[in-house]
Amino acid sequence: MALELFDSKTQTVREFVSLKPHQVSMYVCGPTVQSAPHLGHLRSALVYDLLRRWFEASGYAVTMVRNVTDIDDKVLVNAEAAKRNWKEFALEVEDTFNDAYSALGLLEPTHSPHATEHIADMIALVESLISKGHAYQAQDGSANVFFDTSSWPNYGSLTNQKPENMEGESEVSFGKRNVNDFALFKAHKSDEPESAAWQTPWGLARPGWHIECSAMAKHFLGNAFDIHGGGLDLRFPHHENELAQSSANGDAFANYWLHNALVTIEGQKMSKSLGNGISVAALLEVGSWSAIRYWLSSAQYRSNLDYSANSLRDAQSALDRIGGFVRRAKLITSVTSTEFPEDFVLAMNADLNIPAAIAVIHECVRSGNTALDAQDMESLNRYLAQVVAMVDVLGLTFEQPKELSAELTAKIEGLIELRAEAKLNKDFAKADQIRATLTDFGVTLEDLPNQTIWSING
RNA sequence: GGUGGAGUGGCUGAGCGGCCCAAAGCAGCAGCCUGCAAAGCUGUCAAACCACGGGUUCAAAUCCCGUCUCCACCUCCA
């Protein structure tokens with residue numbers, strides 16, 4: 001079965017057929033670097049990372065673009081509030097995103113362009129739109145440039161909305177012709193830093209949010225590309241506007257539109273105004289990066305994912321189960337092949353049904369554990385190979401959370417040896433005391449038939 | 001007002017006409033294993049109406065109609 005994806009423009013599940021054989025081009029909306037990342041940003045980035053990994057595992061060469069919006073109202077406002085230079089501020093915030101992405105095990109996109117590096121592309125696109133009658137300079141003579149929604153009958157086609165039903169602004173302002181018209185360039189304001197304005201054919205201005213993505217997608221992927229992805233909350237206005245600009249310009253733009261659902265906290269979307277956002281720092285108090293990745297993968301990408309106090313603990317337990325099997329199996333055998341169980345492939349191809357795919361992993365782990373107990377090496381080898389292949393393509397890891405010094409490691413292993421001796425001498429009181437001591441230090445022992453292995457928890 | 005989506009066991013969360021007396025995980029219980037634990041395995045836990053009420057069908061969690069509740073978006077948002 002081929003990969004099927006839900007295309008949110010046609011609102012149907014469509015078989016994925018790439019524009020060019022064995023190649024996939026995807027554009028994903030990255031962050032506006034206005035404040036530190038939260039769970040929602042991580043989920044969105046992870047969804048497209050998983051899709052990209054699955055494409056690669058399926059034999060496609062993937063070109064993935066994830067932009068950085070480093071010039072925007074909020075960047076300037078938040079930098080000003082922090083009394084910081086906006087460029088430094090944006091870079092600093094971007095670093096926190098990159099740190100989180102990398103800790104979460106996301107692969108680097110092929111390109112991570114910054115909006116400020118592509119002003120010329122945006123100007124060219126806007127000039128083209130003006131020449132085609134789809135954009136205009138503000139009627140008040142300012143450097144504001146707007147997209148003329150009345151010139152584009154398809155405006156609203158991505159989100160199936162009619163302009164007259166849109167709430168919009170109540171009055172035509174800033175020199176717009178229609179209330180629904182949106183900014184392509186925003187005229188420089190006197191209270192904004194001069195470094196945040198560029199010389200354009202219409203005067204000193206900075207780009208609007210939507211034109212950035214259209215210009216960068218065109219720059220890196222051309223007029224037509226396979227997939228455009230982003231969070232559900234970007235469908236309107238951001239993606240609607242991107243589509244309007246690019247298609248009015250005559251570009252085919254994205255063939256498939258993907259939108260990931262949001263992360264909720266006790267049923268409600270995270271937002272700063274509700275004060276229920278979960279910062280990355282707060283998460284790491286509760287769980288590891290690998291648990292966060294596992295948990296974020298545990299709902300299909302179009303389903304809401306609800307965060308609660310036990311989420312990461314539960315995810316860690318489930319992950320430990322998989323990791324425990326791999327660890328024990330690798331003590332007596334090694335991976336000699338790469339193969340995915342058929343059910344896993346079916347799940348991944350069914351609009352990236354990661355939770356169903358994870359269920360297959362757990363089924364293989366259970367069978368693998370049984371094979372391990374029975375010392376059935378043939379089955380064990382097969383299950384181990386399958387589990388490792390699946391875990392790899394999902395980017396799941398089981399690293400020890402803490403690095404221990406050689407000295408400490410030796411000490412722990414010394415104690416384990418003492419305990420083994422005590423057990424041999426049937427001095428169980430002493431053996432239990434050693435185990436209790438290690439437990440107090442956060443060391444968990446696992447007695448296998450011929451040896452004891454240990455790990456650090458917490 | 002418009003546009004999408006959702007309501008499945010104690011919790012998370014798949015399934016979206018027959019393989020469903022509903023996957024998987026977490027939590028709980030019992031047995032096996034163990035000196036005792038932990039881990040593992042097995043069984044169990046469990047949905048007396050898959051939000052509620054109708055309907056279509058040989059067959060419905062899944063399709064249709066109605067109702068209720070919830071969420072998101074409608075020019076800041078992943």
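Every chain is numbered from 1 and lettered A, B, ... according to where its sequence line falls, protein lines coming before strand lines.
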- [ ] Answer with yes or no whether A/D447 presents, from its side chain, a donor or acceptor under 3.5 Å of a partner atom in the base of B/A37.
- [x] yes

Task: Value in whole Å for how far the P atom of B/G25 lies from CD1 of A/I358 - done: 12 Å

- [ ] Go ahead and name the base partner of B/C68; Watson-Crick or wobble counts if both distances stay under 3.5 Å, otherwise write none.
- [x] B/G7

Task: Inter-nucleotide P distance (B/U8, B/U12), Å rounded - done: 8 Å

- [ ] May I ask you to verify if any side-chain N or O of A/R321 is less than 4.0 angstrom from the OP1 or OP2 atom of B/C41?
- [x] yes

Task: N/O donor-acceptor pair under 3.5 Å between A/Q300 side chain and A/N353 backbone - done: no

Task: Salt bridge present between A/D73 and A/R206 (N-O < 4.0 angstrom) - done: yes

Task: A/H134/A/Y155 aromatic ring centres below 6.0 Å - done: no

Open item on the list: Suppose you measure atom P in B/U34 against the same atom in B/G15; what distance do you get, rounded to whole Å?
Closed with: 41 Å

Task: Cation-pi geometry met for A/R66 and A/Y101 (6.0 Å, 45°) - done: yes

TODO: Report which part of the nucleic acid A/E363 touches: base, sugar-phosphate, or nothing (heavy-atom distance under 4.0 Å, all strands).
DONE: sugar-phosphate

Open item on the list: Does the structure show a Watson-Crick or G-U wobble partner for B/C63, both distances under 3.5 Å? Name it, or say none.
Closed with: B/G55

TODO: Take the protein atom CD of A/E4 and the nucleotide atom P of B/G15, then report the distance between them rounded to whole Å.
DONE: 13 Å

- [ ] Both distances under 3.5 Å, Watson-Crick or G-U wobble: report the partner of B/U12, or none.
- [x] B/A24

Task: Side-chain N or O of A/T439 closer than 4.0 Å to phosphate OP1/OP2 of B/A38 - done: no

Task: A/N144 side chain vs A/A187 backbone, donor-acceptor pair below 3.5 Å - done: yes

Open item on the list: Using a 4.0 Å heavy-atom cut-off, does A/G324 contact any base of the nucleic acid, only the sugar-phosphate backbone, or nothing at all?
Closed with: nothing

Open item on the list: So if I apply the ring-ring contact (aromatic ring centres under 6.0 Å, His included) rule between A/H210 and each of A/F147, A/F182, A/F146, which one comes out positive?
Closed with: A/F182

Task: 5' precedence on RNA chain B between A/S44 and A/K423 (nearest-nucleotide basis) - done: A/K423

Open item on the list: Taking only the P atom of each, what is the distance from B/G17 to B/U67 in whole angstrom?
Closed with: 25 Å

Open item on the list: Measuring from the side chain of A/Y294 (C-beta onward, heavy atoms only), which nucleotide among B/C74, B/G25, B/G40 has the closest atom?
Closed with: B/G25

- [ ] Write down the distance between CG (A/N241) and P (B/C76), rounded to a whole number of angstrom.
- [x] 11 Å

TODO: May I ask you to say what A/V360 touches in the nucleic acid, namely base, sugar-phosphate or nothing, with a heavy-atom cut-off under 4.0 Å?
DONE: nothing

TODO: Summarise how protein sits on nucleotides 6-14 of chain B as a single string, 5' to 3': B when a protein heavy atom is under 4.0 Å from the base, S for sugar-phosphate-only contact, - for no contact.
DONE: -------SS

TODO: Answer yes or no: does a side-chain N or O of A/H41 lie under 4.0 Å from OP1 or OP2 of B/A78?
DONE: yes

Open item on the list: Under 3.5 Å, is there a donor on one side chain and an acceptor on the other for A/S288 and A/Q316?
Closed with: yes

Open item on the list: Could you tell me how far B/G7 sits from B/U44 if I compare only their P atoms? Round to whole Å.
Closed with: 28 Å

Task: Rounded distance (Å) that lies between atom C1' of B/A39 and atom CD1 of A/I322 - done: 15 Å

Task: Selection from B/A38, B/G40, B/A27 that lies nearest to any side-chain heavy atom of A/T444 - done: B/A38

Task: Set of residues satisfying side chain to side chain contact (heavy atoms under 4.5 Å, CB included) with respect to A/D343, sequence neighbours excluded - done: A/L346, A/V360

- [ ] Using Watson-Crick or G-U wobble geometry with both distances below 3.5 Å, tell me the partner of B/G31, or none.
- [x] B/C41

Task: A/E446 side-chain proximity, nearest of B/U75, B/A38, B/C41 - done: B/A38

Open item on the list: Regarding A/A359, tell me which of base, sugar-phosphate or nothing describes its non-hydrogen contacts under 4.0 Å with the strands shown.
Closed with: base

Open item on the list: Starting the side chain at C-beta, find the nucleotide from B/U3, B/U75, B/G25 nearest to A/Q161.
Closed with: B/U3

Task: Euclidean distance, atom CG of residue A/L448 to atom C1' of B/C33 [Å, nearest integer] - done: 13 Å

- [ ] Look at the side chain of A/R313 and decide which nucleotide, out of B/A72, B/G4, B/A27, has an atom nearest to it.
- [x] B/A27

- [ ] Please state how far atom CZ in A/F174 lies from atom P in B/U75, giving the value in whole angstrom units.
- [x] 14 Å

Task: Pairing partner (Watson-Crick or G-U wobble, both distances under 3.5 angstrom) of B/G1 - done: B/C74

Open item on the list: If the cut-off is 4.0 Å, is A/R366 near the phosphate of B/A24, judged by side-chain N/O to OP1 or OP2?
Closed with: yes

Open item on the list: Measure CG/A/N160 against P/B/G2 and give the value in whole Å, please.
Closed with: 13 Å

TODO: Under 4.0 Å between any heavy atoms, over every strand shown, what does A/R435 touch: base, sugar-phosphate, or nothing? Just pick one.
DONE: base

Open item on the list: Does A/L234 reach a base, just sugar-phosphate, or nothing at all? Heavy atoms under 4.0 Å.
Closed with: sugar-phosphate

Open item on the list: Quick check: on RNA chain B, is the nucleotide nearest A/Q11 upstream (toward 5') of the one nearest A/D320, or the reverse? Name the residue that is more 5'.
Closed with: A/Q11

Open item on the list: Check for me whether A/R14 meets the cation-pi criterion with A/Y256, that is, NZ or CZ under 6.0 Å from the six-membered ring centre and within 45 degrees of the ring axis.
Closed with: yes

Open item on the list: Regarding A/G231, tell me which of base, sugar-phosphate or nothing describes its non-hydrogen contacts under 4.0 Å with the strands shown.
Closed with: sugar-phosphate

Open item on the list: I'd like to know if the side chain of A/E4 and the backbone of A/D351 have a donor-acceptor N/O pair within less than 3.5 Å.
Closed with: no

- [ ] Specify the separation, in whole Å, of atom CD of A/Q375 and atom P of B/C33.
- [x] 18 Å

